[in-house]
K.L.:
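To start, I am sharing the structure in question, which I have written as structure tokens.
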Amino acid sequence: MDPYDASDLTPRQSASSRLKDYFIGATPLQKRLESVRKQATFVSTPPRKKIPQCSQLQEDVDPQKVAFLLHKQWTLYSLTPLYKFSYTNLKEYSRLLSAFITAEKQKGLAVEVGEDFNIKVIFSTLLGMKGTQKDSEAFLVQILSKSQPPSENTEGKVLWTGWFCCIFGDSLLETVSEDFTCLPLFLANGAESNTAIIGTWFQRTFDCYFSPLSINAFNLSWMAAMWTACKMDHYMATTEFLWSVPCSPQSLDISYAIHPEDAKALWDSVHKTPGEVTQEEVDLFMDCLYSHFHRHFKIHLSATRLVRVSTSVASAHTDGKIKILCHKYLIGVLAYLTELAIFQIE
Amino acid sequence: MSARKRVNSEAQRRTSQGRLSDQIKEKPSYSESILKHGQNNPEEDSEHAEVLQIALRYFEKGPIKTLQSKGKTMEEHLKTVENVAWKNGLAPEKIDILLNVALSGKFGNSINTRILKCLIPATVISGDSVVKAVSWLCVGKCSGSTKVLFFRWLVAMFDFVNEKDQVNSLYGFFFASLQDDALCPYVCHLLYLLTKKENVKPFRVRKLLDLQTKMGMQSHLQALLSLYKFFAPTLISVSLPVRKKIYFKNSENLWQMALIAVRQRNMGPSPVSLKLILGSAKVRPVNRKRNSYSVIPLPNSSNYVRECGKKEMSISDCLSNNGSFPVEQLQSFHQLLENIHCLELPCQMGSVLNSSLLLHYINCVRNESVLLRFYHWLSLTLQEECVWYKVNNSEFGKEFTSLLDSIIRAQCFLQEGFYACEAFLYKSLPFWDGLCCRSQFLQLVSWIPFSNFCELKPLLFDHLAHLFFTSTIYFKCSVLQSLKELLQNWLLCLSTDIHMKPVLNSPLETTLGGSMNSVSKLIHYVGWLSTNAVRLESNSTFLLHFILDFYEKVCDIYINHNLPLVVLLPPGVFYPALFSLDSSILNQLCYIMHRYRKNLTAAKKNYLIQKQGKSQFNFSNKTYQEFNHYLTSMFGCLWLSKPHQKSFYHGIIDIDPQILEEAGIAEYKNSLSLMQHPALFSYAVAFLLQVQPEARIIKLSFIQGKKWSWYLDYLFSQGLQGLKLFIRSNIHHSSTP
């Protein structure tokens, strides 16, 4: 049916599209589009993931800062690459952001940049918080209330904390040019109004885009499997699942708690490929839990929606809230969250 | 010259911004009446001029001590000045004189007020006059109310002051006048109009902030502060409510009518409409709900990034005018051309979507970072706003539709699709219900950038086919329409590129053969959709129109776009169109066949010419054979009904002729001729009634010989142009059936 003879083509007739030269070509945008296509095409192929290894944190990580990140509930956001962000200007950013927040809080009243406000903004890097050398350095933003009177040597109360990180984000890095800093995962703790103000400042200053990162049931069961698979010296919490049954007037929640060692034993029985987790194993693991529950309560959990998973490693809620408990697997948890964030922004 | 122009237009922008909210309805009747007054006859004018001269001299000399006649004379002179001023305006030197008089305190307060009120320029006001006037303020001879009036006058007339640089040199003086509580609002307004980047100094920022603490939140101070923030974001931060727009009390309402007249004198006709054109980029939806923010950001310069990017920050660095042109001030294409080398990009690239000027700009700079920033913003915004990802989507529907509309406008403007939209389609098409934002969504489809069809098919076109087959005929027609537009966009993109010498070898398939292959696959895909749709909708005329519209594009690719591709329409479309009951379908088919013939002939000719040289593209013989087969079919039906056509009928109607004869359809051979074709039968009858008005019985067999060509002319006169072209190009004059 081919209406014309392609074999007669001569190479000199290559029509390189104007669009392609600039848009596609070998440019980051082209790579970006290619990866979106791949993602859209192969969404159904079963992925394989590594079981989070022990801490890959480098030695120069400040243990105090890491401790500060643990045991706190963080709200997750995905973030597009920051344009013209510079690690050398963190001090300046602190000044500008604190003036911005003050101005936003008292709408209409102008404030001088660098003036003494009753809040203090601190930008600081989280050295070593990365998966590979190529990953951008993570950094932390804190808003402190100034203690009154200021002469006292006590640190102010922390009003809001947020941090930006990228763990094994190579796939994103390939699709941007060097003007950008890739920190696709943003975690915030504090009043939502503050998050909104700070988000606005970042969006205006670095032309980036924040969007809430929710975790669907599919990814929650992956987390459940991967975190159960982690070797722990001692378990800090029980393994707990929360399912939600949509019914009126109020939705019904089903909580399912297992002793962490039992969960580990169950996992070990379904786990075959060493060091890796496959989709079949995740499905099997969850199916076992379902059938066990069904045997006792005659309820098909597979017909409900998984909304929360808590283990000794971390706990995650479908609304995009996470609490990391285990120092050892911090990087592993963040790597998976980075992956989800990158998936969302692509 | 150009610098002044810029200042001028900038000032105009600011004044108009200040006034925007006040929504002055410039009533045409006012200006007309004033203009009419201006057209006096020359004798009267010269007489007036003399009287005015005397009046001015009188004022210049100052009040005469003889008290008796003083009141009366002065009243007369004032009247003269007022009359001339309101009719024609005053020349710059006259304004100069009168300003001196009013501010020198020679006369009483009420006189000064009257003089100031009638200081209406004929065209412009010289900067010198303003400087002189300000120097009078320092002497302290005029009262507070005169000062206030002077500032109001200066704000109102600011656009007409000629040497604004001179006025700007008095910036420090004006700034000091902020201390005066009565003057403060008007001085603020004046400073708002006057401030340039180099005027913004840290000590002034501090002074303004002090004033703010003293006076509290005042809208005029807010306006000036926000302008300072715009010029020096690293010194000051302020956030104003989005909805708040009224910054200044209207200073110019005293002179409102006069201003209109002066503007018309200066700018020629219809300055109002001119302003609208320039300002149209800034028009924002007013009716947005409270608390809801516009999805598309406003263009703001990226001052933070630029200034923070510097290694060593110094305040003088911040404030030095480094010659860049802030995006907020971009109002006209002319400005874009003048400042294209130093245009500061907006801090949020998404804002280009609403500005045609910025779209021009990003289209020609082709900066990778710019495109990436835009891509990130657009793809995330689409994802966030997309209605069918939201739970209660009814309230967001409108916003999403308007977002899509802006995107489509921008794409049409650039004549090119955005990659972010393509990526969005990949993700969202599988979840689309085919109803929500249908027209917008299908338009996005028609702007998919050209690429390999095989790659696109599983991502987009397979999903689209599912929706196509399961939806109503109207949906089918809209899909066909947007696919026609897609084809057209691809063809335009390819035909412009084919003449450009490739600079780089891009990794994608970029050979012309590859591109043509992709286009032909798209056409075959639409052919497949059409064939099935015709069956599903039982040969609907409505649907056939849309299908044939598509093929009208297809048949002319070789000639119209100079691309080596001819794809014929599939039999599943050709025969239903040929046997259609609707004459317009038959007519359209004839036109398409006529164009196919032209294209194929042209292709063959070119091929034969270039055969000696390096071989060009050659259409396979199969295309020609297929075309000839279609052509003979058509002629067999419409023109000839000769015995050898028996085989033709066997070709398409697989019925034993004996069965047809038994069924009493003996005359089937002629039943699709130009006279008896169901689509044309009514024409034949109408024609016969016209030529034989008295006949009781009409016989189609009457159309013979000479009458046959009359009949053809009759058909052609009924608007069947396609049929005419088809028959004229295929049949020589002499032949009749």
Side-chain angles (χ1 to χ4, degrees), chain A residues 1-6 8-11 13-29 32-33 36-37 40-41 80-81 83-84 86 88-89 92-93 96 99-100 102-104 107-113 176-177 179-180 203-209 211 344-346, chain B residues 205 209 212 217 222 225 234-241 304-305 308-309 313 347-349 366 368-369 371-373 375-377 380 384 416 419 423 426-427 449-450 455 458-459 493 497-498 500 502-504 506-508 510-513 515 517 520 564-567 615 617-620 623:
Chain A
M1 274 303 277
D2 203 345
Y4 75 98
D5 199 348
D8 278 350
L9 295 181
T10 50
Q13 270 153 342
S14 67
S16 153
S17 160
R18 183 174 63 100
L19 295 167
K20 276 180 207 148
D21 279 349
Y22 293 105
F23 263 113
I24 302 192
T27 64
L29 250 182
R32 168 59 56 90
L33 197 70
V36 173
R37 282 187 184 169
T41 318
T80 61
Y83 177 66
K84 291 256 160 109
S86 162
T88 55
N89 285 329
E92 190 56 35
Y93 297 153
L96 290 170
F100 181 80
T102 315
E104 278 296 320
K107 268 225 184 293
L109 227 49
V111 295
E112 190 183 349
V113 173
V176 295
S177 55
D179 283 336
F180 295 91
Q203 297 196 3
R204 283 203 199 145
T205 314
F206 306 111
D207 202 1
C208 52
Y209 198 105
S211 43
Q344 177 155 312
I345 61 176
E346 272 194 341
Chain B
V205 171
L209 290 167
Q212 186 188 246
M217 223 184 277
Q222 277 182 340
L225 280 164
T234 51
L235 287 179
I236 183 173
S237 189
V238 63
S239 102
L240 295 177
Y304 286 131
V305 173
C308 296
M313 285 270 303
C347 64
Q348 282 172 286
M349 209 40 85
R366 292 286 169 189
E368 185 62 40
S369 301
L371 297 176
L372 265 173
R373 285 162 68 189
Y375 176 93
H376 286 145
W377 176 81
L380 265 289
E384 285 285 294
E416 128 184 348
Y419 278 88
Y426 297 158
K427 284 187 173 182
F450 173 76
E455 268 180 54
L459 294 165
C493 156
D497 285 346
I498 196 175
M500 282 191 178
V503 189
L504 288 162
S506 85
L508 271 197
T510 47
T511 58
L512 184 56
S515 310
N517 203 11
S520 103
L565 183 72
V566 177
V567 182
S615 91
F617 293 94
N618 182 20
F619 302 109
S620 72
T623 311

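Below, each value reflects all heavy atoms present in this structure, side chains not excepted, and no hydrogens, waters or symmetry copies. On a predicted model such as this, the values are computed, not experimentally measured, just so you know. Here is the naming used below: chain letters follow the sequence lines, and residue numbers restart at 1 for every chain.
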K.L.:
Shortest non-hydrogen contact from B/Leu372 to A/Val176?
P.N.:
CD1-CA, 3.8 Å

K.L.:
Which atoms of B/Leu225 come close to chain A, meaning under 4.5 Å heavy atom to heavy atom: side chain ones, backbone ones, both, or neither?
P.N.:
side chain

K.L.:
What part of A/Gln344 lies closer than 4.5 angstrom to a heavy atom of chain B: side chain, backbone, both or neither?
P.N.:
both

K.L.:
May I have the step-by-step check of ring-ring contact (aromatic ring centres under 6.0 Å, His included) for A/Phe206 and A/Tyr93, ending in yes or no?
P.N.:
CA-CA 11 Å; A/Phe206 306 111; A/Tyr93 297 153; 5.1 Å; yes

K.L.:
Compare all side-chain heavy atoms of A/Val111 with those of B/Ile236 and state whether any distance is below 4.5 angstrom.
P.N.:
no

K.L.:
Is the shortest side-chain heavy-atom distance between B/Pro449 and B/Tyr419 below 4.5 Å?
P.N.:
yes

K.L.:
Need one label for B/Gln348: side chain, backbone, both or neither, based on atoms under 4.5 Å from any heavy atom in chain A.
P.N.:
both

